[in-house]
Amino acid sequence: MIDTDEKAAPTTFDMEHVTTDSTLDHDARKLAEMGYTQDMQRNFSVWSVLGVGFSLTNSWFGISAALVTGINSGGPILIIYGVVLIALISTCVGISLSELASAFPNAGGQYFWANELAPKKYANFASYLTGWFAWWGSIFTSASVALAVGSALVGCYQLTHPDFTIQPWTVFVAYQVANIFCFVFNCYGKTLPTVAKVSLWTSLVSFAVILITVPAVAPTHQHARFVFATFINNTGWSQGGIAFIVGLVNTNWSFACLDCATHLAEEVHRPERMIPIAIMGTVAIGFVTSWFFSMAMFFSIVGDFQDIVKSSTLVPVLELFYKALRSRGGAVVLEALIIATGLGCLVASHTWQSRLCWSFARDRGFPGHKWLSKVDPKLGVPLYAHLFSCVVVAIVGCLYLASLTAFNSMITACIVLLYISYAIPISCLLLRGRNTITPGPFWLGRIGMVANVVLLAWTLFTLVMYSFPYLQPVAPSTMNYVSVVYAVVAIIVGVDWVARGRKKGGFRGVGERKGDVEGLRAGSVRELQRNFGVPRQALAWYEIVLVRFANT
């Protein structure tokens with residue numbers, strides 16, 4: 001098998017070019033066994049994959065965007081202890097994803113796993129649902145991040161121009177600017193690993209600067225009782241537990257998207273080892289940064305926190321900075337660090353959603369799959385999949401002009417749809433039996449089993465409880481429209497499955513793909529051996545050519 005990374009295939013079976021022991025050959029051969037060719041360059045290192053994964057999840061950034069948003073649904077207790085709870089849940093999610101990513105390292109991630117693990121009769125439909133849910137989850141995530149960045153940009157302008165009144169259209173314009181700006185960074189494959197590492201360090205340095213500066217310069221500080229023992233319920237729900245759960249959505253958003261690294265499995269060497277490191281590293285760094293950040297910010301609240309909630313900037317953490325530093329310029333500088341972190345988060349989200357779209361299109365999961373499955377040979381990225389996904393994010397942003405409440409429901413949808421996309425392959429794994437698959441280097445046995453069960457239980461919990469209204473009594477402006485979002489997604493998926501996906505030439509499952517490849521391989525390899533006496537080592541190279549032909 002030869003090095004397939006941007007090298008021309010030899011015209012003859014020159015054994016000097018057959019390097020069966022190289023890392024690239026190992027990765028390409030394993031990918032070929034799944035029925036895929038090495039279309040993407042393996043440019044990412046473990047640090048750059050971790051950079052993409054953490055830049056997207058970026059828990060402390062998520063907490064900064066929702067630090068005081070959920071204060072009326074639990075107060076400081078919601079954030080301080082909610083981070084611990086969600087981090088424990090996310091550890092179980094990370095273990096579950098890492099085990100499957102180690103056993104089946106493929107850019108398709110959860111949709112590919114579902115097809116491998118589900119009963120044959122239902123494998124294609126289970127995989128198809130998983131792929132669509134995961135992609136929509138990524139779209140809603142990008143939309144929510146773009147809104148957070150856009151709101152921060154407009155909030156900074158308002159803080160320095162007190163007479164300016166923020167209108168929905170101003171935030172909408174900033175949303176679109178952020179989406180277009182970050183689109184550019186995913187158009188060049190060779191620079192993406194560097195961008196990912198820069199985003200990682202930008203996030204960590206910004207975290208450290210804010211963590212040190214704000215508590216150090218704040219003129220007064222809150223008591224420990226306020227930070228660790230204050231429960232606030234201004235939701236109208238008489239049950240404190242319901243109020244806590246309703247607000248927990250904001251904290252949960254800060255740990256979403258843990259599958260991001262799995263979709264870079266075909267762009268990093270030894271993905272069966274590197275992807276689990278990136279996933280579990282994301283959870284660990286996310287917990288440490290988000291917990292210390294939230295604690296430091298609550299201690300640094302100056303005056304009545306309700307003044308921060310009602311800030312004319314519409315960005316509570318920016319108002320917190322202003323009151324602590326007593327300087328508009330200083331507050332804008334700190335918020336600029338958060339904006340830079342948010343832009344890195346959005347770049348990572350674009351990377352994630354484009355890889356989801358591209359990998360799913362390879363198996364004809366989307367209409368227009370012939371275009372969406374192409375990798376630009378010069379740029380080294382799935383440009384059409386990237387462009388299409390970003391256009392959908394731009395369209396989704398238009399909903400903000402119609403209803404902020406309806407748009408916020410998509411934040412909930414991104415969390416729950418992603419959990420469902422994880423739960424489908426995990427359910428198939430448990431039904432099939434964990435001992436029936438060949439595990440990868442990352443496999444935790446009974447601990448993995450417990451993690452699987454926790455993930456399934458939490459998915460069911462969020463599907464029900466995160467659908468509750470935000471406030472009581474229920475009004476159009478306080479209604480939780482996430483059920484409507486689920487219905488729209490279900491209709492789109494159902495119509496495409498009936499009209500195209502289930503028919504011949506529609507969605508291509510693993511069985512069909514491997515059948516095509518094995519048929520070509522068996523016939524052609526026998527012919528070569530019988531007529532030309534081609535050595536076995538050279539046939540390894542030829543198998544890659546066969547797989548490439550089968551996929552075209």
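For reference, positions follow the sequence shown, starting with 1.
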Apply salt bridge (Lys or Arg N to Asp or Glu O under 4.0 Å) to E335 and R328, showing your working.
CA-CA 10 Å; E335 187 64 24; R328 285 187 169 86; over 6 Å; no
Assess whether ring pair (Phe, Tyr, Trp, His ring centres under 6.0 Å) is satisfied between F172 and W169, documenting all intermediate values.
CA-CA 5 Å; F172 171 77; W169 71 266; 9.5 Å; no
Show the numbers, then the answer: is there a ring pair (Phe, Tyr, Trp, His ring centres under 6.0 Å) between F360 and Y111?
CA-CA 8 Å; F360 196 44; Y111 100 81; 5.0 Å; yes
Under the side-chain hydrogen bond (donor to acceptor under 3.5 Å, both in side chains) rule, what do Y128 and D496 come out as? Steps first, then yes or no, please.
CA-CA 10 Å; Y128 182 84; D496 185 63; 2.3 Å; yes
Check step by step if side-chain contact (heavy atoms from CB on, under 4.5 Å) holds for V52 and L56.
CA-CA 6 Å; V52 174; L56 175 55; 5.6 Å; no
Check the pair F287, L88 against side-chain contact (heavy atoms from CB on, under 4.5 Å), reporting the backbone distance first and the verdict last.
CA-CA 9 Å; F287 168 68; L88 291 173; over 6 Å; no
Assess whether ring pair (Phe, Tyr, Trp, His ring centres under 6.0 Å) is satisfied between W253 and Y466, documenting all intermediate values.
CA-CA 12 Å; W253 181 69; Y466 284 4; over 10 Å; no
Begin with the C-alpha distance, continue with both residues' side-chain angles, and end with the deciding distance and a verdict on side-chain hydrogen bond (donor to acceptor under 3.5 Å, both in side chains) for W60 and S203.
CA-CA 9 Å; W60 80 266; S203 175; 2.8 Å; yes
Could you go through the side-chain contact (heavy atoms from CB on, under 4.5 Å) check for T351 and L264 one step at a time?
CA-CA 9 Å; T351 304; L264 296 174; 4.1 Å; yes
Taking it one step at a time, do S311 and T313 satisfy side-chain hydrogen bond (donor to acceptor under 3.5 Å, both in side chains)?
CA-CA 5 Å; S311 170; T313 66; 2.7 Å; yes
Pair L383, F388 - check side-chain contact (heavy atoms from CB on, under 4.5 Å), show working.
CA-CA 8 Å; L383 188 60; F388 173 69; over 6 Å; no
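Across W135, F140, W136, a single residue satisfies side-chain contact (heavy atoms from CB on, under 4.5 Å) together with S138, and that is W135. Under the side-chain contact (heavy atoms from CB on, under 4.5 Å) test applied with K323, the options T220, D304, D307 reduce to a single match, D307. If you run side-chain contact (heavy atoms from CB on, under 4.5 Å) between W113 and each of L97, I426, T130, only L97 comes through.
Between S254 and S290, every side-chain heavy-atom pair lies at or beyond the 4.5 Å cut-off. Contact check for D259 versus Q110: side-chain heavy atoms found under the 4.5 Å cut-off. Looking at heavy atoms from C-beta onward, W237 lies in side-chain contact with P469 at the 4.5 angstrom threshold. The shortest side-chain heavy-atom distance between V46 and V268 does not fall under the 4.5 Å cut-off. Between Q158 and T165, the closest side-chain pair of non-hydrogen atoms is not below 4.5 Å. When side chains are defined from C-beta on, T262 counts as touching I279, because their heavy atoms get closer than 4.5 Å. At a threshold of 4.5 Å between non-hydrogen side-chain atoms, the residues S55 and C345 do not count as touching. Residues Y486 and L417 are in side-chain contact: their nearest non-hydrogen atoms beyond the backbone lie under 4.5 Å apart.
Judged purely by atom type and a 3.5 angstrom limit, D376 uses its side chain to pair as donor or acceptor with the backbone of L379. The closest donor-acceptor contact from the side chain of N252 to the backbone of A256 lies at 3.5 Å or more, if one exists at all. The closest donor-acceptor contact from the side chain of T289 to the backbone of G286 lies under 3.5 Å. A donor-acceptor contact shorter than 3.5 Å is absent between the side chain of S294 and the backbone of I80. In this structure, the side chain of Y322 does not engage the main chain of V317 through any donor-acceptor pair within 3.5 Å. Judged purely by atom type and a 3.5 angstrom limit, S467 uses its side chain to pair as donor or acceptor with the backbone of L463. Side-chain N or O atoms of T170 include one that pairs as donor or acceptor with a backbone N or O of Q167 at under 3.5 Å. No side-chain donor-acceptor contact under 3.5 Å links S48 to the backbone of F44. Between the side chain of H221 and the main chain of F299, no donor-acceptor pair closer than 3.5 Å is present. Here the side chain of T160 pairs a donor or acceptor atom with the backbone of Y157 at under 3.5 angstrom.
Nearest heavy-atom pair across C390 and F183 is SG-CD1, 3.7 Å. Contact detail for S90 and L258: the closest heavy-atom pair is O-CD1, 3.6 Å. Of all non-hydrogen atoms in N106 and A265, the two that sit nearest each other are N-CB, 3.6 Å. Nearest approach of W132 to G365, heavy atoms of both residues: NE1-O, 3.3 Å. Closest non-hydrogen pair, A87 versus V283, comes out as O-CG1, 4.1 Å. Nearest heavy atom pair, residue V154 against residue A174, reads CG2-CB, 3.8 Å.
A salt bridge does not link R355 with E266: none of the charged nitrogens is closer than 4.0 Å to a carboxylate oxygen.
The neighbour count for F231 CZ, taken as heavy atoms of other residues, nucleotides or ligands under 6.0 Å away, is above 12. When the shell of 6.0 Å around CZ of F407 is examined, it contains more than 12 heavy atoms from other residues, nucleotides or ligands.
I275 CD1 to L100 CG: the interatomic distance, rounded to the nearest 0.5 Å, is 13.0 Å. If you take OG1 on T459 and CG on L418, they are separated by 10.0 Å, rounding to the nearest 0.5 Å. With rounding to the nearest 0.5 angstrom, the CG atom of N250 is 11.0 Å from the CD1 atom of I86. Atom OH of Y419 is separated from atom SG of C414 by 10.0 Å, given to the nearest 0.5 angstrom. Once rounded to the nearest 0.5 Å, the distance linking CD1 of I210 with OG of S64 reads 7.0 Å. Once rounded to the nearest 0.5 Å, the distance linking CG of L147 with CE of M410 reads 8.5 Å.
Counting only N and O atoms by type, the side chains of H350 and N179 include a donor and acceptor under 3.5 Å apart. There is no side-chain donor-acceptor pair under 3.5 Å between W358 and S373. Judged purely by distance below 3.5 Å, without hydrogens or angles, the side chains of S142 and Q353 pair a donor atom with an acceptor atom.
Annotation: cation-pi geometry satisfied between K374 and W371 (NZ/CZ under 6.0 angstrom from ring centroid, within 45° of ring axis).
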